[in-house]
Amino acid sequence: MKQFAILIFLIVFAGSTGFSQQFEGGVIGGFNASQVDGDLYKGYHKPGIALGGYVQVNLSRMVYAAMELKFMQKGSRNIDSLATNGQIKYIMRLNYVDLRGAYSLLPIREQPGDPLWYWKSNQFNNLLSTTILYRLDF
């Protein structure tokens, strides 16, 4: 009986003064404009979608920590008006699962050349992402 009374006391005491973290989450949806640096086609001409979700916890009133997981469509595209008449068509489609805007450190396509010109002779992802968050309170 004494152990039961202690257990009830601990449950009531812990429940009335306990503090727990509240996680918030939601869905993410938006659009990307991407390019591949090093493919000789300049500009963010490859549109794509961004879909995913996020979870966050408020650390203070103005600061929070969050994690996201998104499906992102990236790539590159030639929008030259002479491309269809001259039979030149270039579209690179890349699908990734990642976090917010990105610039790849490792090349997506390596080109033979001088290793001193690593950033100029290889191709890298370059992405700007715009998304809208909808928060779901748990």
Side-chain angles (χ1 to χ4, degrees):
M1 184 67 174
K2 183 177 178 183
Q3 294 171 344
F4 182 71
I6 292 173
L7 180 64
I8 295 296
F9 176 76
L10 289 175
I11 290 173
V12 170
F13 180 72
S16 64
T17 61
F19 176 74
S20 64
Q21 297 174 344
Q22 181 177 357
F23 288 92
E24 300 170 349
V27 294
I28 300 171
F31 299 98
N32 296 328
S34 67
Q35 71 175 4
V36 173
D37 290 349
D39 67 352
L40 304 178
Y41 299 110
K42 296 184 181 357
Y44 294 90
H45 301 299
K46 177 66 177 83
I49 61 169
L51 298 172
Y54 74 98
V55 175
Q56 76 179 28
V57 61
N58 295 330
L59 302 176
S60 71
R61 189 171 167 207
M62 301 291 283
V63 178
Y64 67 92
M67 292 176 50
E68 297 178 353
L69 187 63
K70 293 188 292 192
F71 169 76
M72 307 284 275
Q73 290 183 326
K74 302 177 184 181
S76 180
R77 190 173 119 188
N78 179 11
I79 62 161
D80 189 4
S81 61
L82 301 175
T84 55
N85 295 337
Q87 300 298 321
I88 300 170
K89 185 175 182 180
Y90 176 77
I91 297 176
M92 179 187 290
R93 292 185 178 103
L94 304 168
N95 295 321
Y96 283 84
V97 175
D98 61 12
L99 302 150
R100 301 196 184 206
Y103 190 87
S104 60
L105 294 176
L106 299 175
I108 58 173
R109 182 185 292 164
E110 293 185 17
Q111 302 291 333
D114 188 3
L116 295 176
W117 296 100
Y118 180 78
W119 295 106
K120 287 195 169 199
S121 63
N122 294 315
Q123 295 181 359
F124 300 90
N125 270 323
N126 192 345
L127 173 78
L128 297 175
S129 180
T130 303
T131 57
I132 296 173
L133 304 176
Y134 181 76
R135 190 174 84 188
L136 303 172
D137 293 328
F138 297 108

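For the numbers below, each heavy atom of this structure counts, side chains included, while hydrogens, waters and symmetry mates do not.
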Spatial distance of atom [atom1] ([X]) from atom [atom2] ([Y]) [nearest 0.5 Å]:
| X | Y | atom1 | atom2 | value |
| --- | --- | --- | --- | --- |
| Q35 | Q123 | CD | CD | 11.5 Å |
| L51 | F71 | CG | CZ | 7.5 Å |
| E24 | Y54 | CD | OH | 7.0 Å |

Between [X] and [Y], what is the shortest heavy-atom contact and its length?
| X | Y | answer |
| --- | --- | --- |
| N122 | P107 | CB-CB, 3.7 Å |
| S34 | G75 | OG-N, 2.9 Å |
| A50 | N32 | CB-OD1, 3.8 Å |
| K46 | R93 | CE-CG, 3.9 Å |

Taking only residues two or more places apart in sequence, or in another chain, which ones meet Y41 in a ring-ring contact (aromatic ring centres under 6.0 Å, His included)?
-> Y90

Residue list, side chain to side chain contact (heavy atoms under 4.5 Å, CB included) with L59, at least two apart or on another chain | V57, V63, A65

Residues at least two apart in sequence or cross-chain that pass side-chain hydrogen bond (donor to acceptor under 3.5 Å, both in side chains) with Q73, listed by chain then number, are none

Quick one: hydrophobic cluster around L69, which other residues, with the 4.5 Å side-chain cut-off, linked directly or via members?
-> V97

Can you check whether M92 reaches V36 side chain to side chain, under 4.5 Å on heavy atoms?
-> yes

